[in-house]
Protein chains: 4
Amino acid sequence: MGAVKTKRMPRAVREQQMLDAAVRTFGQRGYMAASMDEIAELAGVSKPLVYLYLNSKEDLFTACIRREGQALTEAVRAGVDTRSSADRQLWDGLRAFFTHTAQHPDGWSVLHLQARTHGEPFAAEVAALRAELVAFVTELIAVTAREAHRDRDPDLAEREVAGLAEALVGAAESLAAWSNATPGVTARQTAATLMNFAWAGLGNLVEGRPWSPPAGAEYRP
Amino acid sequence: MGAVKTKRMPRAVREQQMLDAAVRTFGQRGYMAASMDEIAELAGVSKPLVYLYLNSKEDLFTACIRREGQALTEAVRAGVDTRSSADRQLWDGLRAFFTHTAQHPDGWSVLHLQARTHGEPFAAEVAALRAELVAFVTELIAVTAREAHRDRDPDLAEREVAGLAEALVGAAESLAAWSNATPGVTARQTAATLMNFAWAGLGNLVEGRPWSPPAGAEYRP
Amino acid sequence: MGAVKTKRMPRAVREQQMLDAAVRTFGQRGYMAASMDEIAELAGVSKPLVYLYLNSKEDLFTACIRREGQALTEAVRAGVDTRSSADRQLWDGLRAFFTHTAQHPDGWSVLHLQARTHGEPFAAEVAALRAELVAFVTELIAVTAREAHRDRDPDLAEREVAGLAEALVGAAESLAAWSNATPGVTARQTAATLMNFAWAGLGNLVEGRPWSPPAGAEYRP
Amino acid sequence: MGAVKTKRMPRAVREQQMLDAAVRTFGQRGYMAASMDEIAELAGVSKPLVYLYLNSKEDLFTACIRREGQALTEAVRAGVDTRSSADRQLWDGLRAFFTHTAQHPDGWSVLHLQARTHGEPFAAEVAALRAELVAFVTELIAVTAREAHRDRDPDLAEREVAGLAEALVGAAESLAAWSNATPGVTARQTAATLMNFAWAGLGNLVEGRPWSPPAGAEYRP
DNA sequence: GATGAATGAGAATTCATTCAT
DNA sequence: TATGAATGAATTCTCATTCAT
């Protein structure tokens with residue numbers, strides 16, 4: 001178990017080994033339950049070396065978040081051709097997303113679960129990543145969605161677009177976890193399910209057919 | 001701070017105070033970072049009393065999950081009239097859901113983040129709760145959604161419905177967190193955003209207008 | 001389990017119930033591992049009552065030692081007729097001893113193991129009991145043994161008698177534990193084994209045939 | 001006080017220091033009353049180091065039992081020449097035994113009292129050690145003792161030999177404690193006392209003069 | 001560049017014991 | 001006579017982190 005113990009590697013390589021071990025350990029045990037001991041052993045180095053290179057548990061975890069976050073956004077970016085139509089971009093992006101999360105479950109666990117569950121230094125880190133994805137989605141739906149709300153308060157529309165993007169990203173995140181946990185579901189199928197749901201819904205909005213609350217539907221506390 | 005130190009309360013009352021303190025602490029600090037010391041102090045009692053009544057950190061956390069989970073499902077149930085139309089039921093349910101999560105942010109953090117991030121005794125506990133919500137949603141969309149897939153492989157349709165429900169619940173969960181974190185967004189608005197998105201999308205599906213992948217859209221790994 | 005919960009018993013009865021529970025718990029769990037909680041529950045009373053009557057764990061344990069010690073010495077005394085011959089007295093005493101220890105294994109565990117293992121307040125208590133038994137044995141062998149050493153240093157003889165008595169009592173104690181732990185051995189057989197061993201040996205001593213060290217048998221460290 | 005605080009020792013050395021401290025502490029305070037804190041302080045190291053090397057209180061205690069047990073059996077073995085006559089072997093063995101227990105009173109307390117009083121992981125450990133001594137003694141007395149019982153039920157004889165060995169070992173154990181607690185008694189004298197007692201008795205048995213119960217000596221319960 | 005040796009600080013949990021009624 | 005409510009003080013054990021080489 002663990003990397004083969006090879007001595008005197010260049011620093012960059014060693015660091016990647018450590019990050020590999022850390023992502024795996026954090027992803028499986030969780031941030032707090034993961035011990036530096038275990039990570040060092042899995043990386044095949046001594047603990048002091050981990051500290052020498054990565055400084056502290058907090059920094060190590062942050063480095064994991066950054067690396068995995070970048071890998072994920074790059075995978076999505078690489079899967080999308082910005083010259084395509086909006087729906088094609090979304091479709092390509094979702095497939096790339098689900099494919100990546102399926103191939104890096106520990107990294108996804110770090111980003112989706114661990115980083116968000118352990119408060120401040122980390123939440124900000126993921127928030128930045130998430131903002132990128134939300135921005136991508138927002139971009140795709142912004143114009144059309146605003147159309148559908150042309151006649152309403154534009155500020156509300158602003159916020160509603162944000163909400164829609166949030167919902168879409170949230171649905172994607174949730175489906176990624178579900179897809180990883182449900183055997184026999186491919187990334188492509190998952191992407192299709194969400195696309196179907198989302199685009200059909202957005203399509204309606206675009207065409208000016210939003211759903212509206214039934215009359216007298218006030219909520220009684 | 002913390003509860004006023006009142007002495008000699010009947011057990012049932014003390015237990016609720018402890019659960020209050022525990023939900024708050026777990027919700028804010030996370031399961032592992034929360035210390036029994038802090039919880040006891042916030043509850044205004046000594047640690048041994050917490051152990052006497054709630055047995056262990058694990059049991060205490062489980063008790064929190066159960067209590068908050070029940071409160072949430074009851075709130076949703078109470079907000080929905082099962083004799084209403086499907087869209088009305090969903091609308092009512094979502095408003096009840098977002099209202100409750102907005103009023104109990106720590107409880108929601110416990111259920112949505114903490115319980116899912118800390119492995120087995122707890123994951124199962126939330127899974128049960130989640131299953132209830134997913135079942136509720138599935139019920140609402142099942143018939144109509146199956147219609148839209150009449151001509152396809154029925155088994156796939158089965159799984160696709162599951163995926164859709166998962167997506168909807170995931171979106172709701174995500175929006176709940178977003179709504180809690182974004183000032184000036186009401187539960188009602190959040191519910192409307194999601195309803196709009198979801199029902200419009202489902203509406204399209206029902207009417208036989210699913211989105212379909214553009215030709216030649218294969219993903220190159 | 002435990003005594004039936006009957007209310008308002010006279011103090012003396014309650015105390016015996018508590019001591020019963022305590023002897024059983026101390027005997028099985030050991031002094032330190034036994035908890036006042038367990039003892040109170042087994043006795044069918046609340047903890048404060050145990051403290052009211054028996055004062056503290058230490059006092060409770062001491063009371064156990066005293067009660068069980070007295071029961072044992074009384075059993076031995078009752079089994080012996082002081083008008084009998086020395087060997088007959090020893091034989092009767094041993095049988096009574098082994099019979100009693102077999103019938104009260106927890107009490108014997110308290111006296112033989114627990115009380116001696118837990119330092120000062122208790123060691124003294126057992127020492128007194130033990131002294132009684134040693135004195136009884138010493139009395140029996142003193143005269144005859146001294147005979148056998150007539151020609152030697154009388155002070156040494158004094159100490160040797162003490163040593164012999166100690167050896168005999170030690171052998172008896174050890175055999176009691178062994179007999180309790182070995183199925184199918186009766187108290188009578190155990191008594192016969194020890195009697196055989198001891199008396200035959202003593203008989204030799206009496207008749208002036210002590211064993212003596214082989215020449216040049218010095219121990220090389 | 002305790003060991004002088006010397007820093008950076010090789011592991012093997014530190015481990016012995018820890019075992020020294022542990023034997024002393026366990027021997028004097030008892031297994032449960034001894035705290036890891038006290039042991040660490042006496043060893044001149046911090047608690048975590050004790051855990052790093054010895055794993056747990058239980059493992060530490062087991063290590064003590066093993067080390068002291070081996071030291072004792074080796075001392076006895078080294079003191080005995082198996083080519084000597086039986087009585088000479090017993091005599092040499094007893095002297096070695098009492099010498100060792102006198103020189104290592106804490107180790108003896110650990111083996112004789114603590115290990116036997118604290119249940120299962122440990123009892124088995126000492127039982128093995130004890131079995132070795134009992135086997136040694138049994139070997140010495142087996143043939144001759146069986147002679148003396150030639151005409152009786154051989155199965156009973158078997159058990160009686162076991163009982164005799166048990167008695168002898170028990171007497172030795174008891175005398176070791178007594179000798180440690182009685183000032184002015186040397187190991188040699190103690191060995192002589194027991195040898196005298198035991199061998200004279202065994203001598204009688206060998207020569208076909210066992211003690212036999214007086215007629216009509218039944219014990220009335 | 002790399003590590004064996006070592007620790008300060010804090011975590012969960014348990015227990016004998018008392019108070020107020 | 002009897003008890004439900006409550007706690008101070010340990011105890012075992014773990015962990016992130018550093019020093020000396």
Side-chain angles (χ1 to χ4, degrees), chain A residues 5 7-11 14 32-40 44-60, chain B residues 5-15 32-40 44-60, chain C residues 5 7-11 14 32-40 44-60, chain D residues 5-15 32-40 44-60:
Chain A
K5 219 170 202 168
K7 302 256 169 171
R8 306 260 154 196
M9 317 270 282
R11 169 160 183 158
R14 274 274 195 258
M32 302 233 62
S35 85
M36 295 299 273
D37 260 308
E38 189 179 357
I39 292 171
V45 297
S46 71
K47 245 185 316 174
L49 199 59
V50 178
Y51 278 89
L52 189 61
Y53 285 178
L54 275 317
N55 218 34
S56 73
K57 193 183 188 184
E58 204 173 301
D59 285 6
L60 173 56
Chain B
K5 219 168 199 169
T6 322
K7 299 255 169 169
R8 307 260 151 196
M9 319 272 284
R11 173 166 181 156
V13 177
R14 272 282 192 254
E15 272 189 16
M32 302 228 66
S35 87
M36 295 299 270
D37 260 312
E38 189 179 356
I39 292 171
V45 296
S46 69
K47 239 186 316 171
L49 200 59
V50 179
Y51 277 90
L52 188 60
Y53 287 174
L54 275 316
N55 227 26
S56 71
K57 194 182 187 183
E58 201 173 307
D59 284 8
L60 174 55
Chain C
K5 220 169 201 168
K7 303 255 167 170
R8 308 259 154 195
M9 318 269 282
R11 169 161 184 159
R14 273 277 195 256
M32 301 232 65
S35 85
M36 295 298 272
D37 260 309
E38 189 180 356
I39 292 171
V45 296
S46 70
K47 245 186 314 176
L49 199 59
V50 178
Y51 278 88
L52 189 60
Y53 285 177
L54 275 316
N55 218 36
S56 73
K57 194 183 190 184
E58 202 172 305
D59 285 7
L60 173 56
Chain D
K5 219 169 200 169
T6 321
K7 298 256 169 169
R8 308 261 150 195
M9 318 273 283
R11 173 166 181 158
V13 177
R14 273 280 191 254
E15 272 189 16
M32 302 227 66
S35 88
M36 294 299 271
D37 261 313
E38 188 179 357
I39 292 171
V45 295
S46 69
K47 237 188 317 172
L49 200 60
V50 178
Y51 278 91
L52 188 61
Y53 287 174
L54 274 317
N55 228 25
S56 71
K57 194 182 186 184
E58 201 173 306
D59 283 9
L60 173 56

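Throughout, a chain's letter reflects where its sequence line sits, starting with A, and its residues are numbered from 1.
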Checklist entry - Which one, E:dA12, E:dT17, E:dT3, comes nearest to the side chain of A:Ser46? => result E:dT3
Checklist outcome for this item: 5'-most contact on DNA chain E (nearest-nucleotide basis), C:Glu58 vs D:Leu49, goes to D:Leu49
Next on the checklist: Regarding E:dT13, can its base be found pairing with the side chain of B:Lys57 as donor and acceptor, where the two atoms are less than 3.5 Å apart?
Outcome noted: no
Checklist entry - Which of the following nucleotides, F:dC13, F:dA6, F:dA2, is nearest to the side chain of B:Leu52? => result F:dA6
Item to check | Base-pairing assignment for E:dA5 (Watson-Crick or G-U wobble, both under 3.5 Å) | outcome: F:dT18
Checklist outcome for this item: Tightest non-hydrogen contact, residues B:Leu52 and B:Arg11, listed as O-NH2, 4.2 Å
Item to check | Considering all heavy atoms, the nearest D:Arg14-D:Met9 contact | outcome: NH1-CG, 3.0 Å
Item to check | Protein-nucleotide distance (D:Ile39, atom CD1; F:dC13, atom C1'), rounded to Å | outcome: 14 Å
Next on the checklist: Which nucleotide wins on minimum distance to the side chain of B:Val45, given the candidates F:dT7, E:dT13, F:dT3?
Outcome noted: F:dT7
Next on the checklist: Ignoring hydrogens, what is the shortest heavy-atom contact between C:Ser46 and C:Ala40? Give both atom names and the distance.
Outcome noted: C-CB, 4.1 Å
Next on the checklist: Can you work out whether B:Arg11 or A:Met36 has the more 5'-proximal nearest nucleotide on DNA chain F?
Outcome noted: B:Arg11
Checklist entry - Between the base of F:dT17 and the side chain of A:Lys47, is there any donor-acceptor pair under 3.5 Å? => result yes
Checklist entry - Is any side-chain heavy atom of C:Leu60 less than 4.5 Å from a side-chain heavy atom of C:Met36? => result yes
Checklist outcome for this item: To the nearest angstrom, the CG-C1' distance between D:Leu60 and F:dT11 comes to 15 Å
Checklist outcome for this item: Side-chain contact check for B:Arg8: nearest option of E:dT13, E:dT3, F:dA6 is F:dA6
Next on the checklist: Just to be sure I understand the rule, does D:Ala34 reach a base, reach only the sugar-phosphate, or reach nothing, if contact means heavy atoms closer than 4.0 Å?
Outcome noted: sugar-phosphate
Checklist entry - Using a cut-off of less than 4.0 Å, is there contact between a side-chain N or O of A:Tyr51 and OP1 or OP2 of F:dC19? => result no
Checklist entry - When rounded to the nearest 0.5 angstrom, what is the spacing between CE in B:Met32 and NZ in B:Lys57? => result 5.5 Å
Checklist outcome for this item: Comparing C:Pro48 with A:Asp37, nearest DNA chain F nucleotide closer to 5' gives the residue C:Pro48
Item to check | Spacing between C:Leu54 atom CG and F:dA2 atom P, to the nearest angstrom | outcome: 14 Å
Checklist entry - Closest to the D:Met9 side chain: E:dA6, F:dA9, E:dT18? => result E:dA6
Checklist entry - Between B:Arg14 and F:dG4, does any side-chain N or O lie under 4.0 Å from OP1 or OP2? => result no
Checklist entry - Rounded to the nearest Å, what distance is computed from the CE atom of residue B:Met32 to the C1' atom of nucleotide F:dT14? => result 11 Å
Item to check | Separation of atom OH in A:Tyr53 from atom C1' in E:dT3, rounded to whole Å | outcome: 13 Å
Checklist outcome for this item: Of the listed F:dA2, E:dA2, E:dC15, the closest approach to the C:Ser35 side chain comes from E:dC15
